[in-house]
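Every heavy atom of this structure was used, including side-chain atoms; hydrogens, water molecules and symmetry mates were not.
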2 protein chains.
Amino acid sequence: MTVSTKDRILAVTEDLFGQHGFSATTLRDVTDRAGVNLASVNYHFGSKEALFMEMLRRRIEPINRKRIELLDEALRRSGGAPLSLEAIWDAILRPLGEAVTTTDGFDEKFLRLISQSLVERNEFFETAHQQFFTEFKERFSPELARSLPKMDPQEMTWRVYFSFSAMLGAIIQHQKIGRWFPFLENRGNVDNMIDRLINFIVAGLTNSRVGEVPNREEAEVRS
Amino acid sequence: MTVSTKDRILAVTEDLFGQHGFSATTLRDVTDRAGVNLASVNYHFGSKEALFMEMLRRRIEPINRKRIELLDEALRRSGGAPLSLEAIWDAILRPLGEAVTTTDGFDEKFLRLISQSLVERNEFFETAHQQFFTEFKERFSPELARSLPKMDPQEMTWRVYFSFSAMLGAIIQHQKIGRWFPFLENRGNVDNMIDRLINFIVAGLTNSRVGEVPNREEAEVRS
DNA sequence: GTCTATAGAACGATAGAC
DNA sequence: GTCTATCGTTCTATAGAC
């Protein structure tokens, strides 16, 4: 099967963007590595920015589509009743896990791509990501609220923010996990990590010490 | 009081690096904004990389120094007994909070700087950050283990990883918090956020469902 | 649709006067 | 220690032949 010039450019762009980011990746790097001509980028995509946007869009949109599918499916099975937090976060995390999983376990390349896209500071990237996130957040936030009906909305919003932070931080920092914790087992098993991450997040979300701040003097020595 | 050319270059470098990263920031941007000559960068710092390293080093090192000071102080007060998780995470988070706090509340500029430095992919940056983190992690990890003596080491390492992820994710994503959650109160109050983050992390760390993975079918409907 | 060739601008770094 | 001027390189983008 033949791979089109366009697809080869996109594949190489993903690699280099994941490794070096937008500014540090030049079109010459891309075209040289892809074995295509420099001018082909502008022919197929129009500009460097448009190329990078297309590369990002075609990876992220399917993930969010799948997330919403899983959420709808769970709601169908529950007959519309509030879902468990585990089910909600499973719908959020599992499609991401599938996207980064290959037969060899973690696809570090793809994880770097997602990571880099999350922290890219170019304005047009930020606008795109804002859109990606907003669509999916507006679908999930009400479900989280339904599953935690007694929680103060402000308290819940903070916790949801920390939950997303934990998820995104775990992705962004994942390349460092081996250097931080060299003896950590199973770090190539994405499903295992997601299971553990769901546990961590649900514990943080359901923490009973609502808004309570430990007294620093008294809290010093653990009972 | 006069501000030296060197200091003005460093100050502007912080701003621009926080906003655009290393590659997208040019020396001309820096020197133009600082009102100094282009050649002064190479005179004072030697190269673009050396300038950015010096800028980063002088901001991060004091934070880690303060963290270890706070930990030692807490241990002195406890007479060497294991600390509460709250006390440990207070020592980790509070110096960061102080560093980003000005009289106007959150110093978004500094938060962006830290955030950008965490995700910068240049090799010399990564090596430096690895060193910054390792020093401080090797001091704190044993204390966390002493405070959670009954926990399986593998389980604990995963949770500590998620805790750091939540912390770093909260910093990295902080610029987006207002767009994600427009009605969130207190988001300019760094001490308040840190208090809440400590609660979230401690709940995740002490979660009783050790290594237990919810059955996805049964977990679907929240009781 | 793919190529060569190049325009036009911006880059990091440095030489050398003051 | 600060300046001007500039070197040599590299960048995105495009014109135009095939």
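Salt-bridge annotation for A/Asp72 and A/Arg139: present, with a side-chain N of the basic residue lying under 4.0 Å from a carboxylate O of the acidic one. Between B/Glu14 and B/Arg59, at least one side-chain nitrogen of the basic residue sits less than 4.0 Å from a carboxylate oxygen of the acidic one, meeting the salt-bridge criterion. Ion pair A/Arg67/A/Asp90 not flagged as a salt bridge, since none of the NZ, NE, NH1 or NH2 atoms sits closer than 4.0 Å to an Asp/Glu carboxylate oxygen.
Helical stems of DNA chain C (runs of at least 3 Watson-Crick or G-U pairs, donor-acceptor distances under 3.5 Å) are listed by first residue: C:1-18 with D:1-18.
Both the sub-6.0 Å distance and the 45° axial angle are satisfied by A/Lys6 relative to the ring of A/Phe45.
Listed by first and then second residue, the side chain to side chain donor-acceptor pair (under 3.5 Å) pairs involving residues 41-54 of chain A are A/Glu54-A/Arg57 (not counting sequence neighbours).
Shown here for B/Ser117 and B/Leu56, the closest heavy-atom pair between the two residues is CB-CD1, 3.2 Å.
Residues passing the salt bridge (Lys or Arg N to Asp or Glu O under 4.0 Å) test with A/Lys137: none are found, sequence neighbours excluded. When the ring pair (Phe, Tyr, Trp, His ring centres under 6.0 Å) test is applied to A/Phe140, the partners found at least two apart in sequence or on another chain are A/Phe136.
The six-membered or imidazole ring of B/Phe125 lies near that of B/Phe17, with a centre-to-centre distance under 6.0 Å.
With 3.5 Å as the limit, one finds a donor-acceptor pair spanning the side chains of A/Ser115 and B/Arg121.
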Write down the protein N/O and nucleotide N/O pairs, taken from nucleotides 1-3 of chain C, whose separation is under 3.5 Å; answer none if there are no such pairs.
{"unit_1": "C/dG1", "atom_1": "OP2", "unit_2": "A/Tyr43", "atom_2": "OH", "d": "2.8"}
{"unit_1": "C/dT2", "atom_1": "OP1", "unit_2": "A/Thr5", "atom_2": "OG1", "d": "3.0"}
{"unit_1": "C/dT2", "atom_1": "OP2", "unit_2": "A/His44", "atom_2": "NE2", "d": "2.9"}
{"unit_1": "C/dC3", "atom_1": "OP2", "unit_2": "A/Asn37", "atom_2": "N", "d": "3.3"}

Report, one pair per line, the protein and nucleotides 11-13 of chain C atoms (nitrogen or oxygen only) whose separation is under 3.5 Å.
{"unit_1": "C/dC11", "atom_1": "OP1", "unit_2": "B/Thr26", "atom_2": "OG1", "d": "3.2"}
{"unit_1": "C/dG12", "atom_1": "OP1", "unit_2": "B/Leu27", "atom_2": "N", "d": "3.3"}
{"unit_1": "C/dG12", "atom_1": "OP1", "unit_2": "B/Lys48", "atom_2": "NZ", "d": "3.2"}
{"unit_1": "C/dG12", "atom_1": "OP2", "unit_2": "B/Leu27", "atom_2": "N", "d": "3.0"}
{"unit_1": "C/dG12", "atom_1": "N7", "unit_2": "B/Arg28", "atom_2": "NH1", "d": "2.9"}
{"unit_1": "C/dG12", "atom_1": "O6", "unit_2": "B/Arg28", "atom_2": "NH2", "d": "3.2"}
{"unit_1": "C/dA13", "atom_1": "OP2", "unit_2": "B/Lys48", "atom_2": "N", "d": "3.0"}

